[in-house]
Amino acid sequence: MSVAGSDKENQGSRYRQIAGQIKQAIDDGTLLPDTRLPSVRTLATQYRVSMTTALKTLRSLEDDHYAVARPKSGFFVAPLSRPQRAQPLVIEPSRQIAPLDEQTELHLAMVGTDCRVRLDLANGARSLYPVKKVGLLMRQLGYSKPFLLGDTVKGTGYAPLKAEIARRAIDYGCNINPDDILITNGCIEAISLSLRATVKAGDVVAVESPCYFVLLQMLHNLDLRVIEVENGQEGYVHVGKLTALFQRKAVQAYVTLANINNPSGKSIPNEQKAYIARQADEHDVMIIEDDIFGDTAFGERRPFPMRAFSPNAILCSGFSKTVVPGIRIGWVHSSNYMRKIASLKYTSTMGTSVLPQAAITELLRSGGYDAHLRKLRRELASQICQMRAAVLRYFPPGTRVSDPEGGYVLWVEMPRQALNVRTLFIMARNAGIGIAPGHIFATDDRYDHCFRLNAGFGWNKEVEQAIEQLALWCRESLAVQPR
Ligand SMILES: Cc1ncc(COP(=O)(O)O)c(C=O)c1O
């Protein structure tokens, strides 16, 4: 039996409870400004309260400036009274049961938060990519070939795309059977599958140093040990040190960014690739190659991958750096491990969406891809050139900057006495400037004076000012005057 007084009290606390939940969703950003809130009737049904309590809930949100009532339309989340600022980067220690290492925490924070000047990731402005064309192709294909959406995804990928990839591979020295290609969700999945198919926990993997940080995290997550082989004078991996590891049987695999390395931007010359590949074959070292930037090489011809020099090398690539970043279509080719790779794919992500594969196929077939690549390379080369000149202009003497042969990024080495890049990173972030700090490119502190810059978002006053500001902090830390 209910008592009138306590019922009223219940109703009273109930509306506050419901309002509290809605406020929380607004504060968290789950409910964005101007989103329509549930009607009185819907709220009453959802929360099993009377219409009066539901109305009281909405009115209380209005009183607290969380909601506004619009005549004949209902209640809406109040528009923001002040413009939203980019959030400063907060890297909190993980509260998860399995805490992440500092590198991974920082990487996730970097990717997950916005900043005003995006110099941290290796990607480009939307205007660099044929976004509209790919969107149109997807729409047309969705209509003309409904099976691309309506059928279950089976097998190792869209056969016409695999045929196109194999056809293009001939141009860069690789004779590949389309059956030995599997389409993946981005190049990262291709590398992950290749590692899982060929090495086991505890094995040792050689990488080039500085090393693309996602790769380091991946090796760590797969319980693999890593040996970082530093680049030589020429800017690519020290071939003598690398092959000595092969000869000593110190490593089971070598994961390489032999073409347009991230972050160095260099490619290993063909002669050296051939030597490394021979040595790997002779000493039973598995080569897994990340060729995602191969097609962005600035020269007339894109460089040959390691696979051109050994049929045993596993080749991974994709279209997220060339066609459109959001498409997430990658691929892996292996002459020897395809069945294992396919079975791992099946038990992880099963398959890859077919419609985007079909759109890329059309782009490759029509010649649209080549025309687009020519433009992309030209624009990236010019953007890199301008950013590089600014780094040399503003940073103090003793600063070194890479001279990339393709891709999006520059590697900057400040004088060793300059401020630690971890400090620079936080200062930059708080000023709305994103950089990729050097320490995430290694397992130790050897790159604490380095950082990577992304030139993909074009050259403009804001970017130039950001470089100037970074340089100023660097100079101030050295207490030297501008050149
Ligand atoms: C060297 C390298 N490999 C792979 C990737 C990711 O490729 P995808 O987006 O196709 O998974 C990136 C992205 O920055 C990269 O720099």
Side-chain angles (χ1 to χ4, degrees), residues 103-104 106-108 110-112 118-125 128-129 134 157 161 165 181-195 205 207-219 221 228 231 236-237 254-268 287-297 302-303 305-306 314-333 345 348-349 352-353 356-357 360 376 380 384 402 404-411 434-436 438 440-442 451-457:
Q103 242 84 337
T104 313
L106 193 135
H107 172 220
L108 293 180
M110 210 166 84
V111 175
R118 199 89 247 200
L119 306 179
D120 45 0
L121 308 175
N123 58 350
L128 268 188
Y129 308 108
V134 173
L161 176 59
I165 292 169
I181 293 174
L182 176 135
I183 306 296
T184 57
N185 293 308
C187 179
I188 281 298
E189 188 188 30
I191 302 166
S192 169
L193 292 171
S194 307
L195 280 166
V205 179
V207 296
E208 289 127 9
S209 182
C211 175
Y212 172 47
F213 44 86
V214 175
L215 198 53
L216 285 179
Q217 288 160 29
M218 187 189 292
L219 295 170
N221 289 341
E228 297 155 89
N231 292 331
Y236 57 84
V237 70
Y254 164 44
V255 180
T256 176
L257 276 76
N259 289 334
I260 318 297
N261 181 290
N262 173 3
S264 80
K266 287 283 179 213
S267 300
I268 304 175
I287 293 182
I288 298 171
E289 178 168 19
D290 176 349
D291 193 46
I292 187 88
F293 291 110
D295 273 356
T296 67
R302 57 104 80 217
M306 205 68 94
I314 299 184
L315 181 58
C316 304
S317 192
F319 298 96
S320 35
K321 303 293 175 190
T322 47
V323 177
V324 279
I327 204 137
R328 309 283 323 130
I329 297 295
W331 54 272
V332 46
H333 151 73
K345 166 83 179 168
S348 49
T349 57
T352 299
S353 300
Q357 296 184 53
I360 291 180
L376 178 74
L380 286 177
I384 284 272
S402 59
E405 295 164 22
Y408 293 70
V409 298
L410 286 170
W411 180 248
I435 57 168
I440 63 174
F441 293 82
F451 57 92
R452 192 191 70 180
L453 291 175
N454 173 27
F457 282 92

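This chain uses plain numbering: 1 for the first residue, then up along the sequence. Both counts, for ligands and for their atoms, begin at 1 and track the order of listing.
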Please tell me whether R118 and N123 have a donor and an acceptor in their side chains that are separated by less than 3.5 angstrom.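 No.
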
Between E289 and Y254, do the side chains contain an N or O donor and an N or O acceptor separated by less than 3.5 Å?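 Looking only at side-chain atoms, Y254 and E289 do not form any donor-acceptor pair under 3.5 Å.
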
From Y212, F441, F451, residue fulfilling ring pair (Phe, Tyr, Trp, His ring centres under 6.0 Å) relative to W411: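 Result for ring pair (Phe, Tyr, Trp, His ring centres under 6.0 Å) with W411: F441.
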
Quick one: pull up [atom1] in [X] and [atom2] in [Y] and give me the separation to the nearest 0.5 Å.
{"X": "W331", "Y": "I360", "atom1": "CH2", "atom2": "CD1", "value": "12.0 Å"}
{"X": "T184", "Y": "L193", "atom1": "OG1", "atom2": "CG", "value": "7.0 Å"}
{"X": "K345", "Y": "L182", "atom1": "NZ", "atom2": "CG", "value": "6.5 Å"}

Any protein N or O within less than 3.5 Å of an N or O in ligand 1? List each pair with its distance, or say none.
residue, atom, partner, partner atom, Å
ligand 1, 3 (N), D290, OD2, 2.6
ligand 1, 9 (O), S320, OG, 3.0
ligand 1, 9 (O), R328, NH1, 2.5
ligand 1, 10 (O), C187, N, 2.8
ligand 1, 10 (O), S320, OG, 2.4
ligand 1, 11 (O), C187, N, 3.1
ligand 1, 11 (O), I188, N, 3.0
ligand 1, 11 (O), R328, NH1, 3.4
ligand 1, 11 (O), R328, NH2, 3.0
ligand 1, 14 (O), Y212, OH, 3.4
ligand 1, 14 (O), K321, NZ, 2.6
ligand 1, 16 (O), N262, ND2, 2.8

